[in-house]
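Quick caveat: nothing in here was measured; it's all calculated off a predicted structure. Side-chain atoms are counted along with the backbone in the values below, which use heavy atoms only and exclude waters and symmetry mates. Position 1 is the first residue of the sequence, and the numbers go up from there.
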Amino acid sequence: RQFANNIHVTCPATMCVTVPLLLAPGLAPNACAFMGVFCSMIVLSQQFHAWSHMKKSQLPEIVVALQDLGVLLSRKGHGAHHRPPF
């Protein structure tokens with residue numbers, strides 16, 4: 001699926017929380033940065049999950065590198081949760 005089709009489900013939920021918080025007066029810059037990164041990762045987790053189902057030959061080089069480094073979940077790592085006892 002395309003990127004937008006993967007993330008559209010999580011965007012409204014995170015926006016309902018993030019936008020009011022970021023517009024709240026007096027919110028500390030650290031709290032704004034945390035909320036921005038946290039909600040972005042929630043949204044992007046859908047795409048990370050999609051990439052974990054794809055073959056390396058289908059992925060952008062940067063994604064393969066991040067999966068190899070353990071930053072993103074690899075196909076092999078994701079497959080482990082489909083086997084018992086999970």
> Is there a side-chain contact between V63 and K56 (heavy atoms, below 4.5 Å)?
Replying inline: no
> Would a 4.5 Å heavy-atom cut-off, applied to side chains only, mark W51 and L72 as touching?
Replying inline: yes
>> Which heavy atom of L73 sits nearest to which heavy atom of S52, and what is that distance?
In response: O-CB, 3.6 Å
> Should the ring pair F34 and F38 be called parallel, tilted or perpendicular, given that the plane angle runs from 0 to 90° and is split at 30 and 60?
Replying inline: parallel
> If you look at every heavy atom in K55 and R75, which pair is closest and at what distance?
Replying inline: CG-NH1, 2.7 Å
>> Grouping I, L, V, M, F, W and Y whenever their side-chain heavy atoms are under 4.5 Å apart, do M35 and V19 come out in a common cluster?
In response: no
> Closest approach of L59 and Q67, non-hydrogen atoms and distance?
Replying inline: CD1-OE1, 3.3 Å
>> Do M15 and V37 land in one hydrophobic cluster if side-chain heavy atoms of ILVMFWY residues count as linked below 4.5 Å?
In response: no
> Which pair of heavy atoms, one from C32 and one from L27, lies closest together, and at what distance?
Replying inline: SG-CD2, 3.6 Å
> CE of M54: more than 12 outside heavy atoms within 6.0 angstrom?
Replying inline: yes
>> Looking at I42, is its backbone amide N or carbonyl O close enough to the side chain of S45 to form a donor-acceptor pair, meaning the two atoms are under 3.5 Å apart?
In response: yes
> Is the CD atom of E61 crowded by more than 12 outside heavy atoms at less than 6.0 Å?
Replying inline: no
